[in-house]
Number of protein chains: 2
Amino acid sequence: MEDTSATVGATRDPAMTDVARLAGVSHQTVSRVLNGHPNVREQTRLRVRAAIEELGYRPNRAARALVTGRSQLIGVVAQNSTLYGPTSLLAAFELAAAAQGFTVSVRRVRVLDRSSIAAAVEHHRDQRVAGIVVIAPTASADEALAEVPADLPLVTVDGDPKRGGALVTVDQEAGAFAATRHLLDAGHDTVWHVSGPVDWFDAAGRIRGWQKALQEADAEVPPVSPADWSAASGYRAGQMLSRMPDVTAIFAANDHLALGILRAMTERGRSVPHEVSLVGFDDVPESAYFSTPLTTVRPDFDAVATETLSLLLSRISTGDTDPAQRILTPTLIQRQSVAPPAN
Amino acid sequence: MEDTSATVGATRDPAMTDVARLAGVSHQTVSRVLNGHPNVREQTRLRVRAAIEELGYRPNRAARALVTGRSQLIGVVAQNSTLYGPTSLLAAFELAAAAQGFTVSVRRVRVLDRSSIAAAVEHHRDQRVAGIVVIAPTASADEALAEVPADLPLVTVDGDPKRGGALVTVDQEAGAFAATRHLLDAGHDTVWHVSGPVDWFDAAGRIRGWQKALQEADAEVPPVSPADWSAASGYRAGQMLSRMPDVTAIFAANDHLALGILRAMTERGRSVPHEVSLVGFDDVPESAYFSTPLTTVRPDFDAVATETLSLLLSRISTGDTDPAQRILTPTLIQRQSVAPPAN
DNA sequence: GCGTTCAGAGTGAGCGCTAACAACATGCCC
DNA sequence: GGGCATGTTGTTAGCGCTCACTCTGAACGC
């Protein structure tokens with residue numbers, strides 16, 4: 001190939017006009033081919049495609065974004081954490097978005113406070129994203145969102161179902177209800193709960209579902225043991241609970257808490273499930289291999305991700321802004337950490 | 001299509017000329033203020049800033065990118081997984097990049113094969129990213145990278161240290177050596193190894209470090225038990241090892257494998273650490289709460305992330321393309337899963 | 001025959017910005 | 001005062017695209 005392009009490296013990338021010249025058409029025709037417009041003769045289309053191929057032409061997105069005012073960019077605001085749920089969700093979302101031809105730009109915030117979230121959203125607006133997804137699992141995150149102008153498609157994940165706007169989340173309450181109900185059904189008089197941080201909607205929802213199941217069964221509602229999501233805090237809560245002989249069933253707000261509880265129980269010689277039954281939440285892949293395989297509740301993070309994307313894309317294309325909620329029900333996964341009470 | 005936008009703001013976003021008009025200067029002066037050029041009178045600068053504030057003006061990045069040919073975008077290619085290491089790394093990288101004013105666009109690939117990676121890299125080139133980071137932990141990923149044109153700053157993470165190019169990774173060999181050495185020091189005759197998938201460089205490096213420690217100690221080198229990174233596969237490998245009475249020490253290629261092994265040992269009534277000692281790798285936050293708190297090796301993912309970013313940024317600004325490797329040494333975290341052999 | 005339609009092209013403007021240069025005032029030297 | 005550097009600002013020309021046009025010729029109806 002010793003033709004016109006013989007000059008070395010420093011030449012600029014080929015532009016649409018270069019393709020047009022090579023194909024013997026106008027730049028507009030190249031644009032039409034690229035954007036799949038009708039009214040281009042098949043033969044012309046082929047010539048253009050060949051020229052594109054030959055030059056290794058790639059459209060300049062910046063130029064397109066400049067003139068159209070739109071981009072194929074989706075901004076995501078997420079917390080800086082490696083928690084299983086948000087992580088799974090984000091990975092699934094990125095994959096799904098890529099499949100739809102969208103680029104995902106992720107902005108992590110160190111803490112979920114008003115100003116950090118506002119700044120992250122502002123950043124995405126600066127980038128002229130087509131839409132924004134905010135993983136807003138806490139009240140503070142949610143408040144920050146209330147201040148965000150509604151002129152940009154925005155979908156909240158794991159946010160407050162009671163808030164307006166577009167939202168996708170898991171039915172925490174139903175999951176917690178099922179977990180608690182399962183323990184009651186096994187014959188326990190009541191169920192104790194080690195919760196996540198109470199300013200998280202997920203944690204609050206799980207508390208509600210747990211309470212509801214107890215109340216409907218006329219069971220005593222014991223005090224909540226508050227924790228964060230970590231195994232360490234589960235361990236600490238478990239140390240307390242392990243000293244209380246009447247505790248025979250525990251619903252932990254996630255699997256890592258359950259792991260910590262499991263360890264505390266073992267240390268104190270209380271066998272799970274024979275003396276204490278335990279249910280977790282999330283179904284992390286490891287939970288089947290805990291020293292007692294864990295009965296837990298599995299949210300479908302893939303489904304949350306695809307729902308989020310489809311909701312966002314529909315808002316991007318229609319400009320819709322009215323509230324829309326998609327709430328997915330998790331399923332109970334039964335393993336070996338639940339048994340009837342000993343006596 | 002109805003254009004009933006939520007807000008009345010049907011008028012277009014303010015542009016630089018609008019700011020200029022309000023401030024009584026030319027658009028070029030606005031540009032100078034925005035880009036921190038010298039040679040703008042303080043008074044003028046203030047007037048411009050006030051006008052920007054008043055109009056809520058935000059620069060159009062697409063226009064800037066179009067004219068400069070540069071963007072403040074970093075593309076990341078990552079695998080679709082929730083493995084602790086890559087996840088931690090990615091989160092830390094996103095945070096660090098944001099702090100430097102860069103936007104991170106993540107492209108997930110379903111499998112780490114040649115064509116997927118090539119497509120992901122192409123996608124980023126289409127976006128005219130300033131640089132690319134590829135998390136390339138397997139041979140196939142690495143091969144794909146060999147075909148990528150070198151005209152764009154690219155840093156590989158977790159790739160093959162023997163390959164040229166810019167690379168940041170953890171010294172797997174040193175970590176595995178330390179883990180194995182620690183078990184030998186405890187008095188074990190030899191150490192068995194449950195490895196990660198052998199096409200992963202991490203896994204291969206850990207195997208090498210383990211072997212080296214054994215060889216230097218003139219210990220027998222038992223066959224490797226191959227697994228993937230999951231607790232499930234660790235459990236399967238553990239079932240085998242638990243039946244072999246002469247197995248008294250195991251180095252697992254990561255903590256989740258160790259968890260599976262732990263469970264298999266427990267099922268068979270072999271106590272950890274009294275009958276079998278066990279060391280993991282990664283130091284996942286839960287590993288301190290396993291039924292036996294796990295002695296493990298901790299890579300500093302934050303450091304990997306910041307090293308990656310600094311290496312990439314330096315290449316972006318200097319245009320450097322010669323090989324550069326940054327290899328970080330992990331540290332051994334001692335807990336309770338290692339003890340002297342029983343007899 | 002002439003007008004009408006329409007597929008299949010091309011032309012020109014302009015999106016919002018930066019870079020290069022021009023223009024002008026100011027201060028300073030000799 | 002002329003010449004010249006220096007600081008400050010304005011003017012102009014694109015970057016590579018899409019959009020709204022215009023233009024052309026063939027098909028078709030009456």
Side-chain angles (χ1 to χ4, degrees), chain A residues 10-52 55-73 103 125-130, chain B residues 1 3 10-52 55-73 103 125-130:
Chain A
T11 47
R12 72 177 209 302
D13 289 346
M16 208 173 250
T17 49
D18 301 313
V19 175
R21 197 177 316 115
L22 182 61
V25 297
S26 73
H27 68 271
Q28 177 58 11
T29 297
V30 177
S31 171
R32 278 193 267 257
V33 169
L34 243 33
N35 293 297
H37 278 230
N39 300 354
V40 177
R41 221 190 326 169
E42 191 54 26
Q43 182 192 336
T44 314
R45 190 183 307 278
L46 261 44
R47 271 217 318 281
V48 171
R49 290 224 180 281
I52 288 174
L55 293 177
Y57 166 76
R58 68 181 78 223
N60 185 320
R61 314 256 172 177
R64 176 180 300 186
L66 174 58
V67 60
T68 61
R70 285 175 260 118
S71 71
Q72 291 280 92
L73 241 187
T103 301
R125 297 174 72 88
D126 274 358
Q127 307 293 322
R128 302 286 205 278
V129 297
Chain B
M1 199 182 293
D3 57 347
T11 47
R12 72 177 212 301
D13 287 347
M16 207 172 248
T17 48
D18 301 314
V19 175
R21 198 177 315 116
L22 183 61
V25 297
S26 73
H27 68 272
Q28 177 59 8
T29 299
V30 177
S31 171
R32 280 193 266 257
V33 170
L34 244 33
N35 294 298
H37 279 230
N39 300 353
V40 177
R41 217 188 333 165
E42 190 55 24
Q43 182 192 336
T44 313
R45 190 184 306 279
L46 260 44
R47 272 218 315 283
V48 170
R49 289 224 181 281
I52 288 174
L55 293 177
Y57 166 75
R58 67 182 78 224
N60 186 321
R61 313 259 172 174
R64 174 180 301 184
L66 175 58
V67 61
T68 60
R70 286 175 258 119
S71 72
Q72 290 279 93
L73 241 188
T103 301
R125 297 175 72 89
D126 274 357
Q127 306 293 321
R128 301 285 206 282
V129 297

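Residue numbering restarts at 1 for every chain, and letters A, B, ... go by the order of the sequence lines.
The side-chain contact (heavy atoms from CB on, under 4.5 Å) test with Met16(B) is passed by exactly one of Ile52(B), Asn60(B), Val30(B), Thr29(B): Val30(B).
Here Asn35(B) reaches the OP1 or OP2 of dT18(C): one of its side-chain N or O atoms lies under 4.0 Å away. A sub-4.0 Å separation between OP1 or OP2 of dT8(D) and a side-chain N or O of Thr44(B) is absent.
Rounded to a whole Å, the CG atom of Leu55(B) is 13 Å from the P atom of dG16(C). Note: CG (Leu34(B)) to P (dT9(D)) measures 15 Å, nearest angstrom. Atoms NE2 (His37(B)) and P (dT18(C)) sit 8 Å apart, rounded to a whole Å. For the pair Gln72(A) CD and dC17(D) P, the computed distance is 16 Å after rounding to whole Å. Separating the CZ atom of Arg45(A) from the C1' atom of dA9(C) is a distance of 13 Å, rounded to the nearest angstrom. Atom CD in Gln43(B) sits about 18 Å away from atom P in dG7(D), given to the nearest Å. Rounded to an integer number of Å, the gap from Asn39(B) CG to dT26(C) P is 17 Å.
Side chains of Leu73(A) and Arg61(A) form no contact here, defined as non-hydrogen atoms less than 4.5 Å apart. Between Arg49(A) and Leu46(A) there is no side-chain heavy-atom pair separated by less than 4.5 Å. For the pair Leu22(A) and Tyr57(A), the minimum side-chain heavy-atom distance is 4.5 Å or more. Annotation: side chain of Gln72(B) is not in contact with side chain of Asp126(A) (no heavy-atom distance under 4.5 Å).
Taking the screw axis at each terminus of the helix from dG1(C)-dC30(D) to dC30(C)-dG1(D) from five consecutive base pairs, the angle between the two is 50° to within rounding of 10 degrees.
Note that CZ of Arg32(A) is 4.5 Å distant from CD of Gln28(A), once rounded to the nearest 0.5 Å. Summarising the geometry, atom CG belonging to Leu66(A) is positioned 13.0 Å from atom CZ belonging to Arg64(B); distances are rounded to the nearest 0.5 Å.
At distances below 3.5 Å, not a single donor-acceptor pair connects side-chain atoms of Ser71(A) with backbone N or O atoms of Ala65(A).
In terms of position along DNA chain C, the nucleotide closest to Arg47(A) lies nearer the 5' end than the nucleotide closest to the other residue of the pair Arg47(A) and Arg70(B).
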Detail all sub-3.5 Å separations between protein N/O atoms and N/O atoms belonging to nucleotides 11-16 of chain D.
residue: dT12(D); atom: O4; partner: His27(B); partner atom: NE2; Å: 3.3

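Within 6.0 Å of atom CZ in Arg58(B), more than 12 heavy atoms from other residues, nucleotides or ligands are found, so the atom counts as buried in its surroundings.
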